[in-house]
Amino acid sequence: MNRRQFLLSASSTAILAALGRQVFAAPMGGHAGHDTAAMPGMAMGAPADPSPVLKRLRLPSGRPLATVPRLANRGGAGRFVGTLSAAPVTLNLAEGGVKTTAWAYNGQLPGPAIVAREGDSVEIVFTNRLNQPTTIHWHGMPVPADQDGNPHDPVKPGESRTYRFTLPKGSAGSYWYHPHPHGHTAEQVFRGLAGVFVVEADDDPLRHLAEDWLVLSDLRLDERGTIPANTAADWHDGREGQFLLVNGALRPVIALGQGERRRWRVWNATSARILKLALPGLEWQQVGSDGGLLGAPRALDTLMLAPGERAELVVSGSLPAGKSVALQSLPYARGRAMTPEQTAAFTVATVKLGPPVAGAAVPAQLRQIPALGEPQVRRTLTFSENMADPASMFRINGQTFDMNRIDFTGRVGDIEEWDIVSEAHMDHPFHLHGTQFQVVARNDGSGWVAEPFLAWRDVVNVPLREAVRIRFRQDLPGMRMYHCHILEHEDQGMMGQYRVSA
């Protein structure tokens, strides 16, 4: 059986918010980044011709890459203090007065970027203006368990809470924040709730490079121009959208000077789409992962990013001025059963080479990443599916999530080794809360093979019928979650929890 797909996790950007005031011309039919197989009903053999509303739909396309607005800091040096609220927002996405209601942080899609520094104390006052409980999960960040925004700490409609934590030395990286209430996570994310959180370091060896941020997300609209609820196929395969957006826009243009080197931070803010990115014709290197910089740059042909995963890149303007290069999404089959796989490459964004700019050097060594030692604890987690039982389709170690069950116990400071084994028919990206891990080996069925480089991660894709071995250490006590980061699968119980004692 084959299943694989892609959804909207969360970003639709400031440009999308601007659609409440302005309509941009961009025809829907046949453009790259518009996946007709993902149209509601099309996977089931419905006509490929979109409805009249969708025919006159206009989304921003081919414009300069939008910046992601930052959350204002009211705390000063060494202390980040900000305010977030989650609430409905109305957008004008089509002619004829068609209104689209999304859910947004501070009225922005994606939510405002939080930028802080290692050592900062963080205080975020959050208000829930939705009609259902929600949380803010600080994805990938080493925060105390009671500040993590996990399902045990919901913020009820109309209520507020304050999240407080301190960013330790060594935590610099590209993180993000999104809801995590059990049973509501997928809907709240596909309706727009997500934002990015960048932690900077004083000793960043790439600080001299200009940066571009690319928040990749999916958007789906129905024949009325509204964001529809999940279908049975979405709950099975993971939700997908017609549009893959970058900072809320279709196929933006990213400027790059001839000979220039720029640092890209890339977020896969979809809930189910596994991205296989390519940048043919340009030199590019991976310099960072979920948990910050790598030890050394890695030359790339393609870059795989699972839902929730991030990467930092250095892209070099190695072509003549005036040339354009497509950032492409290549086909990748992840085992979908109820919706078609992606079968052709499409353009995610266009990189346009401008006048010459002096290229800054990239250090051969970026930082030290010591390998974690021999584990004190070894465990095996098995992902499986039982499609004959709609109440328990997605399982870890044969069980679905139970808020009142502790699946494992551990201790602060212990090195743990987990083998994450897929007995499933589709890929499942694994996410662990509270810390970063190292992938030490992979097994495609022919034996364990050591990972070729060290990196700090909090998401790793586990391909169907394969296994991944990780090592990590939790430095803070409390209840921690682990789950599939296809959000529909998480909501249906492909999640567990373990208590870490001091």
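Sequential numbering from 1 along the given sequence is applied to the chain's residues.
Of the possible donor and acceptor atoms, one in the side chain of Q474 sits under 3.5 Å from a partner among the backbone N and O of H433. The backbone N or O of L313 sits nowhere less than 3.5 Å from a side-chain atom of W284 that would complete a donor-acceptor pair. For the pair T185 (side chain) and D491 (backbone), a donor-acceptor distance under 3.5 Å is absent. Judged purely by atom type and a 3.5 angstrom limit, N268 has no side-chain atom pairing as donor or acceptor with the backbone of G308. No donor-acceptor pair under 3.5 Å is formed between the side chain of H485 and the backbone N or O of H428. R367 contributes a side-chain N or O that, together with a main-chain N or O of L293, makes up a donor-acceptor pair within less than 3.5 Å. Side chain of S316 to backbone of R261: no donor-acceptor contact under 3.5 angstrom is found. Of the possible donor and acceptor atoms, one in the side chain of Q342 sits under 3.5 Å from a partner among the backbone N and O of S329. The closest donor-acceptor contact from the side chain of E309 to the backbone of V460 lies at 3.5 Å or more, if one exists at all. At distances below 3.5 Å, at least one donor-acceptor pair connects side-chain atoms of D234 with backbone N or O atoms of T231.
Side chains of H152 and Q497: a donor on one and an acceptor on the other come within 3.5 Å. Checked by atom type, the side-chain pair H483/H180 shows a donor-acceptor distance below 3.5 Å.
Listed by chain and number, the residues in a ring-ring contact (aromatic ring centres under 6.0 Å, His included) with Y105 are Y177 (sequence neighbours excluded). By the ring-ring contact (aromatic ring centres under 6.0 Å, His included) test, F472 pairs with W418, sequence neighbours left out. Residues satisfying the side chain to side chain donor-acceptor pair (under 3.5 Å) test with R298, not counting sequence neighbours, are Q286. Partners of H184 under the ring-ring contact (aromatic ring centres under 6.0 Å, His included) rule, at least two apart in sequence or in another chain, do not exist in this structure.
Under the 30°/60° scheme for interplanar angles, the aromatic rings of W213 and W267 are found to stand perpendicular. Below 30°, between 30° and 60°, or above 60°: for F401 and H182 the angle between ring planes is above 60°, a perpendicular geometry. Below 30°, between 30° and 60°, or above 60°: for H139 and H431 the angle between ring planes is below 30°, a parallel geometry.
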Atom pairs and distances, donor-acceptor, side-chain atoms in residues 163-171, under 3.5 Å, two or more places apart:
unit_1	atom_1	unit_2	atom_2	d
Y163	OH	I136	N	3.0
R164	NE	E123	OE1	3.4
S171	OG	P168	O	2.6

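Taken from OH in Y332 to CD1 in I274, the straight-line distance is 5.0 Å, to the nearest 0.5 Å. The distance from atom CD1 of I114 to atom CH2 of W176, rounded to the nearest 0.5 Å, is 13.5 Å.
More than 12 heavy atoms of other residues, nucleotides or ligands sit less than 6.0 Å from atom CZ of R207.
Between L277 and L305, the closest heavy-atom pair is CD1-CD1, 4.4 Å. Among all heavy-atom pairs drawn from L209 and A360, the shortest one is CD2-CB, 3.7 Å.
The salt bridge (charged side-chain N to carboxylate O under 4.0 Å, His left out) contacts involving residues 282-293 comprise D290-R310, where partners must be two or more places apart or lie in separate chains.
Using a cut-off of 4.0 Å between Lys/Arg side-chain N and Asp/Glu carboxylate O, E260 and R262 are scored as salt-bridged. Ion pairing between R265 and E211 holds under the 4.0 Å rule for side-chain N and carboxylate O.
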